[in-house]
Amino acid sequence: MRLRLAVTVAVLAAVALGQQPQRQERLVRLPSRGTRGAVAGGSEYATEAGMRVYHHGGNAVDAGVATMLAAAVVEFSHFGWGGEAPILVRTRDGKVHAIAGVGTMPKLATAQFFRDHKVTENEMVSPPEAGGMKNWVPVAGILPALVPGMVEAALVTLREYGTKSFAEIVQPAIELADGFPVDEMRVHAIVNSMKYLEAWPDSKRTFLPNGRPPQPGDIFRQADLARTLRAMVDAEKRAAAGGANRGKAIDAVRDFFYRGEIAHRIDAFSKTHNGLLRYEDMAAFRLEPEDAVSTTFKGYTVYKPGFWSQGPSMIEALNILEGYDVQALKFNSADYIHTLVEALKLAYADRDTYYGDPKFNKIPTETLLSKEYAAERRKLIGPQASLEFRPGKIGDKPMQHPFYADIQRYEIPDALMAKDTTCVDAIDKDGVAFSATPSGAWMPSYLAGDTGIALTQRAQSFLLVPGHPNELGPGKRPRVTLSPTLVTAPDHTVIALSTPGGDNQDQSLMQVLFNSIFFGMNAEFAVEAGRFQTEHLVSSFDNHAMSPGTLLLDERTAPAVIAELQRRKHIVDIRSRYASGAAPVIIRFWPTGLIEAGADPYYYRAAQSW
């Protein structure tokens, strides 16, 4: 009776706050709350690494980097050491910085090389989807490998904004590489990737010990990776013993990885296996913190990574939605879903038309981020669903949307949309915040010899459309979907949130954010509530399929809402909460000093607080 009363009170409070839950369901779990620090991510192994750092006096950046490095060991189904990690950091002084943890394409790579290359069976995870581009980059094997971006991003972030040594931060990851009880998710990923792993000797040796997949609960060991991580620690210790301060000692780890032994071994492996990645590509890769892009929205300031990511699309969508009373639309009503989806369609059309590596393109950033431009775009939202791709016409010679390039048209399957990524967020008692979306080097993992480093497949996010800002090119970064988020308010509220989900990331994050700031949901309620997703975009993966007008709704959506959206010409499909296409986490630092974290339970996210 007491439990029933508590649930009823929670539901009544939700209704009073305007949440209008789709069904009167209790939370799968309560939020994690503390006052000293919190971390959220893709697995308990990873978040436990972050908590260990908090308990030893580290700040949110230390905890976030430790969580990310541990995730690169245990979440190998979704992310590995050769992958990417865009990062946002808020420092104690309130400034927000971005670290563009995305590697560059090898200098030997050209768009024409890939246009001429016939994708083989072991270079694709599934047959090409109709509705995508005629020419595309392989999604498996060694050819889609970029320079590893995560390691440099982690080390630069730690050096600039952390307090601990690399040795202290990476210790949990080393212990996990020595062996951890593997879970069902990872075993499933290995089983599904066996045909690739069996063809790649170094990967087979690690992921198929004794020639077979591990069983859940087996102690899974990555001896080569553990040896590489210890060698990186040794590089730091040698520098410190020679008189280097903390920052210079961390730089010694960067040099060891990118300009030393590891780079040479990756170079040798790539040459032997007909890859394009070379030592010179590794040696030239250096990151420096940069400014995040941002907007103000209903009293909050929202920060995202730059136009090398899809992050600015959320900025544009928020600017478009600024002209609406979001709360008055009512949570997950037909008006709410329709309005948000139509704003997202416009933002994604601009993403797919204008975004690319800013070092290689003159992107109309001021226009795309401006409130005035958003006000003009807002006028395009009508009472019916748009079934066209409508990028803005910017400049004297507006770019062409890829839909009008050489394509075949079919629907995008959910498996193609989701891809594999993880998420890491941390906030401490001083309001220092860390948000990252680590990804790449997922299963099937192509290990670079005995380094234990899985190489990324991220080059598939390039287009092969001549003249497009995201056209593949030597030394260039692909426009990625990875999109961490930080939000602040004048009352000292700080929110960190991120999610896997590919093209769905900013859609999901915007909904979770609105759940938190407009509909009074606690951190766990915000991530457990039903979400919707538009597929009216150019997929950032495989052969870049497109599904105009398609709208995926949560199974808990009210039947009357579904019917009304169909009447408005949305092409509706219903999916389970367990297949939402994203798996977000959120941490909110309240002005009272409360730190509250929530993690999507439907895809095994984890959150811990102290």
*Take L482 and T421 through the test side-chain contact (heavy atoms from CB on, under 4.5 Å) and record every step on the way to the result.*
CA-CA 8 Å; L482 311 173; T421 300; 3.8 Å; yes
*Could you check if a side-chain atom of M314 sits within less than 4.5 angstrom of a side-chain atom of L513, using non-hydrogen atoms only?*
yes
Quiz: residues 463-480 side-chain donor-acceptor pairs under 3.5 angstrom, not counting sequence neighbours:
{"from": "H468", "atom 1": "ND1", "to": "N470", "atom 2": "N", "distance (Å)": "2.8"}
{"from": "H468", "atom 1": "NE2", "to": "D352", "atom 2": "O", "distance (Å)": "2.7"}
{"from": "N470", "atom 1": "OD1", "to": "R479", "atom 2": "N", "distance (Å)": "2.9"}
{"from": "N470", "atom 1": "ND2", "to": "S461", "atom 2": "O", "distance (Å)": "2.8"}
{"from": "E471", "atom 1": "OE1", "to": "G467", "atom 2": "N", "distance (Å)": "2.9"}
{"from": "E471", "atom 1": "OE2", "to": "R115", "atom 2": "NH2", "distance (Å)": "2.5"}
{"from": "K476", "atom 1": "NZ", "to": "P469", "atom 2": "O", "distance (Å)": "2.9"}
{"from": "K476", "atom 1": "NZ", "to": "E471", "atom 2": "O", "distance (Å)": "2.7"}
{"from": "R477", "atom 1": "NE", "to": "D357", "atom 2": "OD1", "distance (Å)": "3.4"}
{"from": "R477", "atom 1": "NE", "to": "D357", "atom 2": "OD2", "distance (Å)": "3.2"}
{"from": "R477", "atom 1": "NH2", "to": "D357", "atom 2": "OD1", "distance (Å)": "2.8"}
{"from": "R479", "atom 1": "NH1", "to": "S540", "atom 2": "OG", "distance (Å)": "3.1"}
{"from": "R479", "atom 1": "NH2", "to": "S540", "atom 2": "OG", "distance (Å)": "3.1"}

_Distance check, rounded to the nearest 0.5 Å: Y348 atom OH versus Q310 atom CD?_
4.0 Å
*Ring centres of F297 and F514 under 6.0 Å apart?*
yes
*Flag the pair F532 / L565 as yes when at least one side-chain heavy-atom distance between them is below 4.5 Å, and no otherwise.*
no
*For the residue pair E524 and L30, establish whether any side-chain heavy-atom pair is separated by less than 4.5 Å.*
no
*Any salt bridge between D600 and R531, counting N to O under 4.0 Å?*
yes
*Worked verdict on H570 versus H338 for side-chain contact (heavy atoms from CB on, under 4.5 Å)*: CA-CA 9 Å; H570 293 280; H338 174 79; 2.8 Å; yes
_Close side-chain approach of T485 to Y303, heavy-atom, < 4.5 Å_ = no
_Would the distance check show the side chain of T557 and the main-chain N or O of L553 forming a donor-acceptor pair, the cut-off being under 3.5 Å?_
no
*asked:* Is it the case that the side chain of R90 and the backbone of A496 share a donor-acceptor pair, with hydrogens and angles ignored and the cut-off at 3.5 Å?
replied: no
*So, does S508 use its side chain to make a donor-acceptor pair with the main chain of N504 at under 3.5 Å?*
yes
*Between R588 and E596, does at least one N-O distance fall below 4.0 Å, as a salt bridge requires?*
no
_Student check: side-chain heavy atoms of S439 and H78 closer than 4.5 Å_ = no
*asked:* Among L509, V527, V585, exactly one meets side chain to side chain contact (heavy atoms under 4.5 Å, CB included) together with L497. Which residue is that?
replied: L509
*What's the shortest heavy-atom distance between G356 and I363, and which atoms?*
O-CD1, 3.1 Å
*Hey, does I587 have a side-chain heavy atom less than 4.5 Å from the side chain of I595?*
yes
*Between CG on residue D554 and OG on residue S580, distance to nearest 0.5 Å*: 7.5 Å
*Got Y355 and N361 here, is their nearest side-chain heavy-atom distance under 4.5 Å?*
no
_Restricting to non-hydrogen atoms, name the atom on A349 and the atom on R377 that form the minimum distance, rounded to 0.1 Å._
CB-NH2, 4.4 Å
_For T481 and D503: C-alpha separation, side-chain torsions, deciding distance, then whether side chain to side chain donor-acceptor pair (under 3.5 Å) applies._
CA-CA 6 Å; T481 56; D503 297 297; 5.7 Å; no
*Side-chain (K371) to main-chain (T296) donor-acceptor, under 3.5 angstrom*: yes
*Does CD belonging to E388 count more than 12 external heavy atoms closer than 6.0 Å?*
no
*State whether the side chain of E316 and the backbone N or O of L369 hold a donor-acceptor pair below 3.5 Å, judged by distance alone.*
no
*asked:* For the backbone of L552 and the side chain of D573, can you confirm whether one donor and one acceptor N or O come within less than 3.5 Å of each other?
replied: no
*Among all residues two or more places apart in sequence or in another chain, which pass the side-chain hydrogen bond (donor to acceptor under 3.5 Å, both in side chains) test with K379?*
E376
*asked:* For a quick test of reading the model, state the closest non-hydrogen atom pair linking C423 to A583 and the distance between them.
replied: SG-O, 3.9 Å
*Does the pair I574 and I562 meet the rule for a side-chain contact (heavy atoms from CB on, under 4.5 Å), with working shown?*
CA-CA 9 Å; I574 308 299; I562 296 171; 3.6 Å; yes
*Would you confirm whether the ring centroid of F389 sits within less than 6.0 angstrom of the ring centroid of H536?*
yes
_Please check this pair: side chain of S370 against backbone of Y373, looking for a donor-acceptor N/O pair closer than 3.5 Å._
yes
*When rounded to the nearest 0.5 angstrom, what is the spacing between OG1 in T353 and CD1 in I394?*
9.0 Å
*Quick one: side-chain hydrogen bond (donor to acceptor under 3.5 Å, both in side chains) partners of N192, sequence neighbours excluded?*
H188
*Judged by atom type as modelled, is there a donor-acceptor pair below 3.5 Å linking the side chain of T339 to the main-chain atoms of Y336?*
no
*Before accepting this row, confirm whether a basic side-chain N of the pair D335/R568 lies closer than 4.0 Å to the acidic partner's carboxylate O.*
yes
*With Q533, which of Q511, R575, Q507 fulfils side chain to side chain donor-acceptor pair (under 3.5 Å)?*
R575
*asked:* To check you understand the geometry: which heavy-atom pair defines the closest contact between G101 and L287, and what is its length?
replied: CA-CD1, 3.9 Å
_Straight-line distance of L368 CG to D350 CG, nearest 0.5 Å_ = 5.5 Å
_Reported CZ-to-CG distance for the pair F403 and L537, which is rounded to 0.5 angstrom_ = 12.5 Å
*Within the side chain of R29, is there an N or O that forms a donor-acceptor pair under 3.5 Å with the backbone of A599?*
yes
_Between K304 (side chain only) and S483 (backbone N and O only), is there a donor and an acceptor less than 3.5 Å apart?_
yes
*Nearest 0.5 Å, what's the CD-CZ distance between E25 and F525?*
9.0 Å
*Identify the heavy atoms of E528 and V28 that sit nearest to each other, and give their distance.*
OE1-N, 2.9 Å
_Looking at every non-hydrogen atom in both residues, tell me the closest pair between S498 and V424 and how far apart they are._
OG-N, 3.6 Å
*asked:* For L27 and N522: C-alpha separation, side-chain torsions, deciding distance, then whether side-chain contact (heavy atoms from CB on, under 4.5 Å) applies.
replied: CA-CA 10 Å; L27 294 174; N522 66 39; 4.0 Å; yes
*asked:* Against V561, only a single residue in I337, N332, V572 fulfils side chain to side chain contact (heavy atoms under 4.5 Å, CB included); can you say which?
replied: I337
*Side-chain heavy-atom pair P86, P484 within 4.5 angstrom cut-off*: yes
